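Let me begin by presenting the structure, written as structure tokens, before commenting on it.
Naming convention: chains lettered A, B, ... in sequence-line order (proteins, then strands); numbering from 1 in each chain. Bear in mind that the values here come from a model prediction, so they are computed numbers and not experimental data.
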There are 2 protein chains.
Amino acid sequence: MTTTDAVSKDPDSTPEWLTSHIRDGRGRKRGAKINDRQQRPPVIADVARLAGVSVPTVSRVLTGAARVTPDKRERVLAAIAELNYRPSPTARLLVTRRSRIIAVIAGQTSQYGYAETIRGIEEAARADGYTVTITVVESADEESVDRAVSHLLDQRADGIAVLKFDPPGVAALNKLPANVPVVAISGVRGKSVPQAVLDETHAAESLTNYLLDLGHKTVHHVRVPPSRREDGRTTGWRRALKTSGIVDVPAPFEATWHPESGRLIGREIAQDPSVTAVFCGNDEIAMGVIKGLTESGRRVPEDVSVVGFDDHPLARLWTPAITTVDQNFVELGKRAFGLLRTAMAGESGPKFSSALPELVIRESAAPPGESVASSE
Amino acid sequence: MTTTDAVSKDPDSTPEWLTSHIRDGRGRKRGAKINDRQQRPPVIADVARLAGVSVPTVSRVLTGAARVTPDKRERVLAAIAELNYRPSPTARLLVTRRSRIIAVIAGQTSQYGYAETIRGIEEAARADGYTVTITVVESADEESVDRAVSHLLDQRADGIAVLKFDPPGVAALNKLPANVPVVAISGVRGKSVPQAVLDETHAAESLTNYLLDLGHKTVHHVRVPPSRREDGRTTGWRRALKTSGIVDVPAPFEATWHPESGRLIGREIAQDPSVTAVFCGNDEIAMGVIKGLTESGRRVPEDVSVVGFDDHPLARLWTPAITTVDQNFVELGKRAFGLLRTAMAGESGPKFSSALPELVIRESAAPPGESVASSE
DNA sequence: CTGAAAGCGCTAACAT
DNA sequence: ATGTTAGCGCTTTCAG
């Protein structure tokens with residue numbers, strides 16, 4: 001598969017071919033003009049000359065595209081080793097018309113879920129010989145999106161992965177041309193392009209039902225900036241309430257991505273004794289909410305139950321440990337790359353990949369109006 | 001699933017985009033006519049033809065390398081817009097030998113400091129028309145490093161930024177050829193290559209002194225995996241102790257990057273009543289340590305003071321709010337790009353950029369053996 | 001099987 | 001200022 005295999009296939013493949021680039025770089029600063037002939041990296045013609053064969057023949061052993069006499073093959077390999085030759089990916093790509101680049105476009109990159117998803121994509125891509133580039137869309141306004149998309153398109157990536165977790169991501173997806181393979185990554189199923197999903201609607205429904213089953217009369221919701229009018233978490237929450245016959249669905253609180261906003265909301269919620277259960281859009285917001293609640297004198301979970309979403313690494317360390325839903329973002333990213341790969345290959349494979357996050361029950365939720373024994 | 005194999009009636013599903021990129025390239029050599037024009041991405045020759053000028057003229061308006069008559073210039077621009085033409089970075093690279101790509105290589109990408117630093121690099125790079133790629137070095141073992149470096153080199157980046165926060169990063173840096181501009185990013189000053197730094201040695205020293213000034217007899221240290229034998233945080237801590245005349249510097253506890261490891265250490269520390277102050281390698285570890293301590297019955301900061309490093313967004317939300325040091329990683333990334341830029345330009349600018357993180361005093365540290373009024 | 005010839009899409013050198 | 005002519009380093013016909 002990987003085109004470089006031909007070279008590395010050689011049993012005594014030289015690990016030095018890595019260092020071949022080192023040439024005398026260090027000292028060149030001052031002198032500046034020693035014999036430049038030595039400097040130039042070897043090209044395929046050099047190999048051909050040294051091996052006494054034609055350029056295409058070298059190419060053949062490189063790519064394995066056609067068979068070559070063992071004899072010549074040996075000589076070529078020897079020449080490659082001697083010169084420390086490495087084929088130029090650029091020249092290759094020019095004729096192949098593929099860049100082996102996967103471009104990721106996202107509204108942000110360092111938030112937990114985003115960073116992990118990108119990590120998954122990168123791992124899968126690298127294993128497959130692809131390079132991944134990152135482009136950030138600062139906001140959903142047109143100029144910002146256009147600039148980012150333009151930057152993205154300039155890279156001529158073989159495939160594009162869009163993190164449509166938020167409005168900038170959605171906006172970017174809508175601006176993408178139809179002639180390049182695209183995969184969308186999100187929490188709810190879209191329609192037009194292949195998509196890798198963590199079924200948060202379903203997960204949110206389970207989580208809300210869990211709270212309801214604990215005996216709470218209703219469940220309030222603090223949501224993170226939704227990707228569209230309503231994201232999966234909100235939908236699942238709403239659905240659970242409706243299914244349980246709750247007609248008066250309380251208006252959700254609107255948080256930002258910053259945990260501190262959860263804290264403010266927590267303080268606000270603390271003023272309303274009728275609130276006994278809160279489902280937060282993610283764990284970090286849940287931490288903020290818990291902080292706001294406790295610093296206002298409400299106990300969690302004795303007075304108010306709070307649950308999060310994602311299973312952030314710190315969720316289990318929080319006090320109380322946060323009940324949440326486990327989102328495997330790394331695996332999500334890998335699935336996305338898989339989808340993209342079949343799309344790039346032009347194969348008709350599945351265009352949709354979904355996984356159901358699992359409920360992780362810890363200590364931040366309990367029956368209403370009761371005290372629970374803090375585990376252990 | 002959507003297996004509507006009906007030909008082409010469904011307006012929403014775009015089955016063609018999947019196959020469009022297959023473009024019948026194979027047999028196109030001779031025919032090359034009719035609607036082939038629609039399928040193939042426009043190339044510079046198409047623009048030239050449509051604008052009624054020569055190819056180099058188009059190239060000139062593209063690169064701005066030479067002046068072009070306003071008239072022709074307009075026509076070229078119009079043609080570019082009409083065809084939605086984008087120059088092939090690959091073809092350009094082949095001749096100019098510059099890719100406008102900055103490659104980032106790192107041991108990991110989603111940990112707070114890493115993600116933020118990468119974000120800073122990306123922001124600065126994008127603003128300057130560069131694209132950034134990410135390559136992860138899984139571990140410091142030779143094979144892993146060689147593979148990553150090889151992958152990196154294949155990208156033909158104009159410049160490389162190495163996050164040498166950890167052993168894989170350091171190992172990668174050492175394997176990089178000297179003929180491509182490199183900038184290292186870390187917490188301690190290195191020697192050979194340009195480097196952007198957050199002076200953690202100094203910051204750690206201040207933090208430790210802060211604890212000492214509070215009255216603690218000594219300060220224990222939980223360190224995250226060091227980039228080399230000893231990283232800046234550990235050095236600064238040790239220096240502060242020695243400067244204060246403390247001869248018996250306690251052996252540091254070794255944590256992993258995972259906060260859970262801090263928890264285990266916290267439990268361990270809880271067994272030793274002589275420990276009254278702990279300086280943790282980062283905030284997440286501090287959170288783990290605090291958790292381990294409190295679940296073992298020790299109060300923070302009444303019984304034990306714990307401080308972290310980085311000013312993670314959740315540090316202020318933790319209970320108690322964590323005293324730490326503010327590391328501006330985004331700005332660090334931006335400074336790194338700046339250094340790289342001058343290096344790529346071949347200019348001789350500063351090769352080193354340092355910033356001093358500031359102490360952020362919150363609630364997790366207090367004088368030993370006393371109770372502090374939890375703020376408000 | 002193998003070499004000669006023909007590009008891939010673009011920019012750099014030359015001529016005007 | 002602009003068109004012509006050459007490549008960049010590699011893979012792909014296409015003969016033989």
- Message: If you compare every side-chain N and O of A:S88 against the phosphate oxygens of D:dG9 (OP1, OP2), does one of them come in below 4.0 Å?
- Response: no
- Query: So, is B:R97 near the phosphate of D:dG9, with a side-chain N or O under 4.0 Å from OP1 or OP2?
  - Reply: yes
- Message: Within the 3.5 Å criterion, strictly below it, is a donor on A:D141 or A:S139 matched to an acceptor on the partner's side chain?
- Response: yes
- Output the distance between atom NZ (B:K164) and atom CG (B:L173), rounded to the nearest 0.5 Å. 6.5 Å
- Query: Roughly how far, to the nearest 0.5 Å, is the CG atom of A:L163 from the CD1 atom of A:I121?
  - Reply: 5.5 Å
- Message: I'd like to know if the side chain of B:T69 reaches the main chain of B:D71, judged simply by a donor and an acceptor atom lying under 3.5 Å from each other, with no hydrogens or angles considered.
- Response: no
- Message: Has A:S99 got a side-chain atom pairing as donor or acceptor with A:R156's backbone, closer than 3.5 angstrom?
- Response: yes
- Query: Bend angle of the helix from C:dC1-D:dG16 to C:dT16-D:dA1 from five-pair axes at both ends, rounded to 10°?
  - Reply: 40°
Can you tell me how far [atom2] of [N] sits from [atom1] of [X], to the nearest Å?
X	N	atom1	atom2	result
B:L94	D:dG9	CG	C1'	6 Å
B:L93	D:dC10	CG	P	12 Å
A:R73	C:dT2	CZ	P	11 Å
B:D71	D:dT2	CG	C1'	13 Å
A:R98	D:dT12	CZ	P	10 Å
A:D46	D:dG9	CG	C1'	11 Å
A:L83	D:dG9	CG	C1'	15 Å
A:R49	D:dC10	CZ	C1'	15 Å

- Query: A:R156 or A:A66: which one's nearest nucleotide on DNA chain C is closer to the 5' end?
  - Reply: A:A66
- Message: Tell me whether B:D154 is salt-bridged to A:R100, with the criterion being a basic N under 4.0 Å from an acidic carboxylate O.
- Response: no
- Query: Do B:R341 and B:E347 sit within salt-bridge range, that is, some charged N less than 4.0 Å from a carboxylate O?
  - Reply: no
- Task: Specify the closest pair of heavy atoms between A:P41 and A:D46, including all atoms of both residues, with the distance to one decimal.
- Result: O-OD2, 4.3 Å
- Message: Surrounding CZ of B:R86 (heavy atoms of other residues, nucleotides or ligands, distance under 6.0 Å), is the total greater than 12?
- Response: yes
- Reading 5' to 3' through nucleotides 11-16 of chain C, protein heavy-atom contacts under 4.0 Å coded B for base, S for sugar-phosphate only, - for none: BBB---
